[in-house]
Amino acid sequence: MAQKAGFGVVAAAMAAGIAVGYSAQIIKREKNDASSISAASTPGTSSTTTAAKQPLAAPTVSSAVKPTATAPVDPDGLFQYGFPGPINDLRFANSLVSSHDRRTRNPHWVAEHITAASLELKNADRRHSQFFEDSNIPDKFRARLKDYYRSGYDRGHQVPAADAKWSQAAMDDTFALSNMCPQVGDGFNRDYWAHLEDFCRRLTARFPSVRVVTGPLYLPKRDPDGKWRVSYEVIGSPPNVAVPTHFYKVVFAEDGRAGGNVALAAFVLPNAPISNDKPLIDFEVPVEVVERASGLEFATKLPEARRKRLCQEFQCSLIVKEYKERQKSFGKN
């Protein structure tokens, strides 16, 4: 996506991956430097395990990649025993769609759709919801409740429960561990991250339809020897669930017209305490930055002519609210 004048990316630390302990480098911007970010994950072949919608077709190997000449070997004969993967377990639920990363036991991405009308409905209470393991994910690849026990991390919603108050079933769906990642609690999940979620909800006052894609990142940081390495904690006993170094949100704010404009924004935040004084705009990056870091693509079918920059159409700023006491009453988010 072409960037307008004055809109750069978070350079240095952001372009190279942003260190977990973010510093003043995060707010330093450099124009059109998205190409230097290090990708930390790769896309995979999709399948689905859910009863909510019909499964997608199983992945096939394109005949275009097969050798045309007669060969003395048959490498793809391996598929008679099964396809090794990678496989992304797609989950279609009432309030979200997600893709699961079997290696990290976290989602690749979780997508939601909110409107002013959906947020006005108050038909659910999170006190009636409980965290649960996603049985649609094979046993050996799923996150477990015990993995988070005494880990020091919150079970951090990717699609927040507050976005799914329109029915109890919809809210319950957000409590699956396939919608969770280990998140720092104080200063992040229960503070800055919660304010970012509120920002996304406030967009519905201006835009008739808002879609948000959220997920984890595992970004490199520079070690004392000058080399860049990806390093992250793994929680559980035995170690099972990866702790992301960062999180992203990609926002699609639709104007409501068929074939109308879509205001886009992407934000990358470190999984670390962030001062509520920190401007949200400091964490804004081009969508391409998130794509290169995640191995995902978000708007390949959206023509350039229909794209707007969200933070030029709407003030990208936070309204700080006190979430801590409420979340203590209802359990960690």
Side-chain angles (χ1 to χ4, degrees), residues 1-10 14-15 17-18 29 31-46 48 56 88 90-92 95-101 107-115 118 158-159 163 196-197 199-204 206-219 244 246-269 280-281 283-316:
M1 182 172 67
Q3 303 302 318
K4 295 183 179 180
F7 177 46
V9 304
V10 179
M14 178 66 79
I18 317 176
R29 290 178 178 264
K31 188 175 181 180
N32 297 325
D33 192 30
S35 62
S36 62
I37 189 165
S38 300
S41 60
T42 54
T45 306
S46 296
T48 183
L56 301 180
N88 300 329
L90 288 180
R91 177 187 180 220
F92 294 90
S95 50
L96 58 88
V97 180
S98 64
S99 170
H100 181 71
D101 183 346
H108 288 294
W109 53 263
V110 189
E112 62 173 318
H113 180 216
I114 53 177
T115 66
S118 73
Q158 302 302 279
V159 169
D163 291 0
L196 175 56
E197 293 170 339
F199 163 78
C200 294
R201 288 190 285 271
R202 287 191 288 112
L203 290 173
T204 61
R206 166 75 180 276
F207 300 94
S209 174
V210 177
R211 304 181 188 277
V212 185
V213 185
T214 305
L217 293 172
Y218 309 87
L219 300 182
H246 296 75
F247 289 92
Y248 69 83
K249 280 188 181 289
V250 178
V251 181
F252 301 74
E254 301 167 343
D255 68 7
R257 298 179 296 119
N261 293 330
V262 180
L264 289 173
F267 304 96
V268 173
L269 286 71
L280 177 59
I281 200 73
F283 299 107
E284 183 194 16
V285 299
V287 172
E288 291 87 350
V289 167
V290 179
E291 291 178 333
R292 294 178 69 87
S294 65
L296 307 172
E297 293 183 307
F298 297 99
T300 56
K301 295 184 178 180
L302 181 63
E304 199 70 38
R306 294 176 55 198
R307 300 186 184 202
K308 301 290 183 180
R309 182 187 165 205
L310 175 61
C311 294
Q312 289 181 339
E313 305 291 318
F314 188 90
Q315 185 176 359
C316 289

ask   = Which atom pair, heavy atoms only, marks the closest approach of P208 to D255?
value = CG-O, 3.5 Å
query = If only atom types and distance count, is the side chain of E112 paired as donor or acceptor with the main-chain N or O of S95 below 3.5 Å?
reply = no
query = Which pair of heavy atoms, one from E313 and one from A263, lies closest together, and at what distance?
reply = CG-CB, 4.3 Å
ask   = Could you give the distance from CZ (F247) to CG (L196), rounded to the nearest 0.5 Å?
value = 12.0 Å
query = Counting N and O atoms only, with roles assigned by atom type, does the side chain of N88 sit under 3.5 Å from a partner on the main chain of S99, one being a donor and the other an acceptor?
reply = no
key: Closest non-hydrogen atom pair, Q158 against P107   = CG-CG, 4.0 Å
task = Tell me yes or no: between the side chains of H113 and S209, is some donor less than 3.5 Å from an acceptor?
result = yes
task = Check W109 against V97 and note the closest heavy-atom contact, atom names and distance.
result = CZ3-O, 3.4 Å
query = Of all heavy-atom pairs between V210 and C200, which one has the smallest distance, and what is that distance?
reply = CG1-O, 4.3 Å
task = Over all heavy atoms of both residues, which pair between A299 and E291 is shortest? Give the atoms and the distance, please.
result = N-OE2, 4.1 Å
Sidechain-backbone polar pair: R307 side chain, L264 backbone, donor-acceptor under 3.5 Å = no
request  = Go through the structure and list residues passing ring-ring contact (aromatic ring centres under 6.0 Å, His included) with F252, not counting sequence neighbours.
outcome  = none
task = Please round to the nearest 0.5 Å and tell me the distance separating atom OG1 of T115 and atom CZ of R201.
result = 13.5 Å
request  = Could you walk me through whether T214 and V159 pass side chain to side chain contact (heavy atoms under 4.5 Å, CB included), step by step?
outcome  = CA-CA 7 Å; T214 305; V159 169; 5.8 Å; no
inquiry  = Do V268 and V290 make a side-chain contact, defined as non-hydrogen atoms from C-beta onward lying under 4.5 Å apart?
reply    = yes
task = Go through the steps to decide whether L203 and L310 satisfy the test side chain to side chain contact (heavy atoms under 4.5 Å, CB included), and finish with yes or no.
result = CA-CA 10 Å; L203 290 173; L310 175 61; 4.0 Å; yes
inquiry  = Please check this pair: side chain of S118 against backbone of I114, looking for a donor-acceptor N/O pair closer than 3.5 Å.
reply    = no
ask   = CG of N261 to NZ of K308: how many Å apart, nearest 0.5 Å?
value = 5.0 Å
task = To the nearest 0.5 Å, tell me how far K249 NZ sits from F283 CZ.
result = 14.5 Å
message = Among residues at least two apart in sequence or on other chains, which ones pass disulfide (SG to SG under 2.5 Å) with C311?
response = C316
task = For the residue pair F207 and F314, categorise the inter-ring angle as parallel (less than 30°), tilted (30 to 60°) or perpendicular (more than 60°).
result = tilted
request  = Could you please spell out the steps behind the side chain to side chain contact (heavy atoms under 4.5 Å, CB included) verdict for R91 and L96?
outcome  = CA-CA 8 Å; R91 177 187 180 220; L96 58 88; 3.6 Å; yes
query = Nearest 0.5 Å, what's the CG-CD distance between L269 and E284?
reply = 12.0 Å
